[in-house]
Amino acid sequence: MPSTAGDEPTGPRYPLTGSAKPSSLTWNPHDRQIWFVTGDAQFGRFATETPHENKVFPSPDPGRSAEVLVAWKQAVWMYALASDRGCVVKCTLTRDGDGRYDNCGRGTAAACPAMTIGSDATGAERIVATLSGMSSLTFIDANGDIQTSDAFSLPDGPSSPLLGLAVAKRTSQEYWLSSPGSGCVVLFDARSGEFSKNPVRLDGAAAPGHLAITETAQERALWVATDGAYLIKYDLDRKSQQTVRTDAVPDRLFAMPDGSLWFTMPSTDAVDCVLPGATHTAGGIGTGKGSKPSGIATDTNSQLWVGLEGTGEMFHISKFRLTPKAGQGQETEAGSSFTYPLRVRAGKLDGTPVGKATIKFVLKGDQARFAGGGTVDIKPVQEAGDDMGVAESALLRAEKPGQVDASAEWLEEDVFTPFEGIVVKEAIGAPDHLGYRSGAGQHAAAGEKFAAPLSVVVQDAHGAPVGEAKVFFRVMDDAASFENGSDTAEATSGADGVAATSQCLIAGSTAGRFRVQAWAAGAEAGVVFGEYITDH
């Protein structure tokens, strides 16, 4: 899929009940479904195997907000913010399929930007969270009761609020935190209950945000989103940093078991990833204009899903992509054939072509048809050679003026891509009339040159510019002439229909107003210029 941020989505989207706006997602191993929380602190459940089925469980306590959630102890949990306090809320699924809310411990009146599962000093699991503006960590036990850590501060400095949070499964007593105001990340050791005395100063001037940890046999990496257009990859073993440029500011991060990192870019309505071992992103995947991707989760089949807070939908990400190779950005007149067919390559996210795939090319609307008159053309990809993974449609014939809605769909993988900039123009007819462009109303003294050439635009009956049309200019009142001494001049219109005299007018000896007529062969209407000769 190409980078199509802000354009049509390059994957299927599924509306949520009541257009619920998911602010965060999590996989719930208890019921093997994806759960989400909305900005107004309502839980919802999305059935990935039947994606048109989902539920939103109305909150019994309206007027609260939430940003994130976690699944733990056969329930899902959030930290909800009311006007005067925070509250731990858990939701369990009842036998009749409803969600039951339970309010638990009360805490600081602050938003909760990050929440995950970690282990305490004894190795027992607990929820760990950060609260906006707070420099201490919040711990939540199985009863929903709250405890807090000591405050984090730089050596010999004031306390520093925390934001991002990441805990690796293999080192669940080590919590990594970001401190935007300090420009660093810091380790909290649950065994000692203390923050590291040596925070990691990050390269660059951007502030760190959300975090994630990827683990493979080769490396363990802490990924840091920033408020600039880049990520920072911190090698936890080698203690080294690397900058990875992104198309836009990254927000929520999601680590896959294979070591790839996925992240959202709400400002450009796209998601992207860094594949294992790569030093650059794979290329943005558009989620649709105004969609505002907010969170990422995987289902039981390791399929990726993205919550779209802007449009109240779920978006499915494939691990494959279709890349347009030809056919975009071409124009032709109605009644003519386009120069190039639609051409795509089927491949994996790392660019490796796939030799077995079936591509369906689709045209919508009345602007174009494939050769033979159809709107669908199904073709297999090439299985070997330089064109492995490439499929090509039949030629398109332009039918009616307008933008052509064309796309290609990979049938086996439920992936598609749009083709951009294909336009059918009005067929250009014969010259019908001239339009004034410039050169009228000039003044010149007797015997002097008029400063500007005379310019018109030649148009057909529908107002489209006509190129290669012969235009004639004639002085009507014997008061002036062109530089060659004649009272007439010729010009040929360009592709934009514009024709201009190459010779200047020379004022005669008699002061006053005179006219110059312009016309084109076969045109019904011309243009008359009024010019002025002054006494001095």
Side-chain angles (χ1 to χ4, degrees), residues 6 328-340 367-368 398-404 420-536:
Q328 300 199 105
Q330 55 181 331
E331 299 181 351
T332 194
E333 298 176 6
S336 302
S337 293
F338 283 95
T339 304
Y340 305 104
Q367 281 65 45
E399 298 287 337
K400 294 183 179 181
Q403 189 85 20
V404 176
E420 306 295 338
I422 305 176
V423 178
V424 179
K425 302 184 296 183
E426 289 273 9
I428 305 301
D432 178 78
H433 59 275
L434 301 187
Y436 169 76
R437 193 166 185 270
S438 64
Q442 299 184 78
H443 292 72
E448 299 295 326
K449 289 182 180 181
F450 286 87
L454 310 183
S455 177
V456 296
V457 59
V458 185
Q459 297 174 317
D460 68 8
H462 300 287
V466 179
E468 300 298 323
K470 189 74 72 176
V471 177
F472 304 91
F473 297 85
R474 182 172 67 87
V475 179
M476 299 175 64
D477 301 308
D478 297 328
S481 64
F482 290 97
E483 288 181 280
N484 61 2
S486 173
D487 64 352
T488 62
E490 296 182 6
T492 302
S493 63
D496 58 358
V498 174
T501 57
S502 60
Q503 298 186 38
C504 291
L505 278 170
I506 306 296
S509 58
T510 305
R513 181 179 183 273
F514 69 95
R515 298 168 297 165
V516 180
Q517 181 186 35
W519 75 96
E524 295 291 332
V527 170
V528 175
F529 295 80
E531 314 292 357
Y532 298 88
I533 301 173
T534 60
D535 290 327
H536 53 277

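Just so it is clear, the model here is predicted, and its values are computed rather than measured. For the numbers below, each heavy atom of this structure counts, side chains included, while hydrogens, waters and symmetry mates do not. When a residue number appears, it is its place in the shown sequence, counting from 1.
In this structure, Pro401 and Gln367 approach most closely via the heavy-atom pair O-NE2, 3.7 Å. Shown here for Glu531 and Gly439, the closest heavy-atom pair between the two residues is OE2-O, 2.7 Å. Heavy atoms only, all atoms of each residue included: Val458 and Pro431 are closest at CG1-CB, 3.8 Å. Of all the heavy atoms in Leu434 and Val456, the pair that sits closest is CD1-CG2, 4.3 Å. Taking all atoms of both residues into account, the shortest heavy-atom contact from Ala445 to Ile533 is C-CG2, 4.4 Å. Nearest heavy atom pair, residue Ala398 against residue Thr332, reads CB-CG2, 3.6 Å.
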Output, in order, the C-alpha distance, side-chain angles, deciding distance and verdict of side-chain contact (heavy atoms from CB on, under 4.5 Å) for Phe514 and Asp478. CA-CA 8 Å; Phe514 69 95; Asp478 297 328; over 6 Å; no
Are Gln459 and His433 close enough, and set up right, to give a side-chain contact (heavy atoms from CB on, under 4.5 Å), and what steps lead you there? CA-CA 6 Å; Gln459 297 174 317; His433 59 275; 2.9 Å; yes
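Taking the ring-ring contact (aromatic ring centres under 6.0 Å, His included) definition, one finds that Phe529 meets it with Tyr436, sequence neighbours left out. Residues satisfying the side chain to side chain contact (heavy atoms under 4.5 Å, CB included) test with His462, not counting sequence neighbours, are Asp460. For Gln403, the side chain to side chain contact (heavy atoms under 4.5 Å, CB included) partners at least two apart in sequence or on another chain are Val423. With sequence neighbours excluded, the residues that form a side chain to side chain contact (heavy atoms under 4.5 Å, CB included) with Arg515 are Met476, Asp477, Arg513, Val528.
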Check residues 487-495 and write down every donor-acceptor pair under 3.5 Å in which the side-chain atom is one partner and the other belongs to a residue at least two apart or another chain.
| unit_1 | atom_1 | unit_2 | atom_2 | d |
| --- | --- | --- | --- | --- |
| Thr488 | OG1 | Ser486 | OG | 3.2 |
| Ser493 | OG | Val466 | O | 2.8 |
| Ser493 | OG | Glu468 | N | 3.2 |
| Ser493 | OG | Ala469 | N | 2.9 |

Using atom types as modelled, flag every donor-acceptor pair under 3.5 Å from a side chain in residues 496-511 to any protein atom, sequence neighbours excluded.
| unit_1 | atom_1 | unit_2 | atom_2 | d |
| --- | --- | --- | --- | --- |
| Asp496 | OD1 | Val498 | N | 3.1 |
| Thr501 | OG1 | Leu454 | N | 3.0 |
| Gln503 | OE1 | Asn484 | N | 2.8 |

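To the nearest 0.5 angstrom, Glu333 atom CD is 11.0 Å from Phe338 atom CZ.
Within a 6.0 Å radius of CZ in Phe472, other residues, nucleotides and ligands contribute more than 12 heavy atoms. Applying the 6.0 Å contact sphere to CZ of Arg474 captures more than 12 heavy atoms from other residues, nucleotides or ligands. Other residues, nucleotides and ligands place more than 12 heavy atoms under 6.0 Å from the CD atom of Gln517.
When atom types are taken as modelled, the side chain of Gln442 and the backbone of Ala451 share a donor-acceptor pair closer than 3.5 angstrom.
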